[in-house]
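In what follows, a structure is listed as structure tokens, so that the remarks can point back to it.
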Amino acid sequence: MSAPKTPADEDLLRLALSGDEDAFTALYRRRQGGLYRFALQMSGSESVAEDVTQEVFMVLMRDACNFDPSRGTLSAYLYGVARNLTLRAFHKERALVRLDDEDEGAETDLNLVAQDDPLGDLTRSETVGRVRQAVLALPAHYREAVVLCELHEMSYAEAAEVLGCAVGTVRSRLHRGRALLIDRLRSTREPDNAAAPTLNTARCFA
Amino acid sequence: MNCQSFDSIAADLARGVPADAAAREHANSCAPCAARLANERALTAGLRSLAEEARAAEAPARVEAALVAAFRAREWEKASAPADARATARPRPVNILGARARAASLGWLPRWAQGAAVAAASALLVFGLYGLVLKRSGVQTSDRAADTRPSAGTTAAPAERASSVDETTARDPRGTETTDGDPAADESAGVVTASVLPTPRAGRRAGAGRSFEARYGGARRAANANVPAGRAAADASHPQETAEITTDFIPLIHGGLVSADAGHVLRVELPRSALAGFGLPLNAERAGERVKADVLMGDDGIARAIRFVR
């Protein structure tokens, strides 16, 4: 006997719009966790994450006509709404500490100048906290690329659909975001060495 | 392959993209690039640990309860709308549970203290309302007035107003549009004046569903500037706006919104200082002024939730 087919998100939405409460609940339970974690990882605030999660589905109830299945998946649509709402909360709350824009100019040099000191083990609980803070400190457009691609394991194409930009843009933002993370984690790990001269190893550009 | 080329793929290599022979050879022969790759791999491991740590995180159960309640209210509204209105009316689900409004100023308290604070606030509100009712009428009546809506600028007689308080007019916990008539203020009581809202009408709303925008609105255009039209649902326009803006319903008892299968909404006026008791911002210079509020009363006479109106 074949297993019952799990209805797709779009099917659940269609049923929900026709008044099927179970379908709406099923859709909510399927997607709420990812949306909540996305908003939480972007904002660092449980209250913002909760508000965003609720508002995403309120928007879905209110304006489901704006979802065009020919332009992408419902999941990407919901993440896109969550992203907009989270960014709106940023502007209002200013709850996060961001790296200054001046840091972006230095990242190019960092990419070409190898600094050999290793980051060490970032998987221990005490260091995971540093990673979390470093992610929250990223500028928003880098942070969302890191959160979607690294923490939500989206492909470049999926993340591009959520962010409404090109795949190359996502890749570029992700790589720059990671470089900023490495630099920040290295500096927070060894604050005493922040002022120490860095050995610029000769690089091969042949 | 040179270092610059390796730099451009180091992150992908760390994320599990298979390395070609040239990349492997360069990593084996170039110490700085090997170190760079090691750092990228350490970062990837750290990010995956972070993702794993957050994997169990999900929205609290109250969010689902609020959404289900809003869904049901929306379906009720659609079902009760006239056929022609149903064809054109846009659904207005109610955001009746505001996490931030509820927890704004109580989050630092332990849970038992939060519950006690809410219970105390609700008890004060209930006693204030019933004190007004008893003072005005003295005797409960069961007469139901044909029209409970006070005319603008007029004052209903105390007995009529008291009897109208008992009427079940708005089954929908969202309440309805309100009149412009200002019920006579009970200056001597100094706390509360009340009037009963008229029967809800399909398609009309009193500012419900705007709690997120009320809290975070203002940067709407900036947030949606680079979003394709098909994705800008968060900025959907609402052409049918009403004059009033309300907060979310703030539950006064546990499950105050979920359990409100029936009841009515009571329009009251409170001192603005009451806002602080519910965790809402208060302009100290206007603390002595009055603010309108809708109280969701259950059939058992217990006040279940409150929202403030502007």
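Chain A is the first sequence line, chain B the second, and so forth, proteins listed ahead of strands; every chain is numbered from 1. Keep in mind the model is a prediction, meaning the values are calculated, not measured.
Residue contact with chain B, scored on non-hydrogen atoms closer than 4.5 Å, is absent for A/Y79. In this structure, the portion of A/D20 lying under 4.5 Å from any heavy atom of chain B is its backbone and not its side chain. Looking at A/L174, the atoms closer than 4.5 Å to chain B (heavy atoms on both sides) all sit in the side chain, from C-beta outward. For chain A, the nearby part of B/R15 is the side chain; its heavy atoms alone come within less than 4.5 Å. With a 4.5 angstrom heavy-atom cutoff, A/V56 does not touch chain B via any of its atoms. Residue B/E64 touches chain A through both its backbone and its side chain, counting heavy-atom pairs closer than 4.5 Å. Contact annotation for A/V146: only side-chain heavy atoms (C-beta onward) come within less than 4.5 Å of a heavy atom of chain B. Using a 4.5 Å cut-off between heavy atoms, A/E46 does not touch chain B at all. Proximity to chain B involves both the backbone and the side chain of A/F57, based on heavy atoms less than 4.5 angstrom apart.
The closest donor-acceptor contact from the side chain of A/R132 to the backbone of B/L50 lies at 3.5 Å or more, if one exists at all. Checked by atom type and distance alone, the side chain of B/R307 never pairs as donor or acceptor with a backbone atom of B/D294 at under 3.5 Å. Between the A/E161 side chain and the A/A76 main chain, no donor and acceptor come within less than 3.5 Å of each other. Under the 3.5 Å distance criterion, the side-chain polar atoms of B/T247 are matched with a main-chain donor or acceptor of B/F308.
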From CA spacing to verdict: side-chain hydrogen bond (donor to acceptor under 3.5 Å, both in side chains), B/T44, A/R178: CA-CA 9 Å; B/T44 296; A/R178 288 177 60 102; 2.7 Å; yes
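B/R74 approaches A/M61 most closely through the heavy-atom pair NE-O, 3.5 Å.
Between B/E52 and B/R48, no side-chain nitrogen of the basic residue sits less than 4.0 Å from a carboxylate oxygen of the acidic one, so the salt-bridge criterion is not met.
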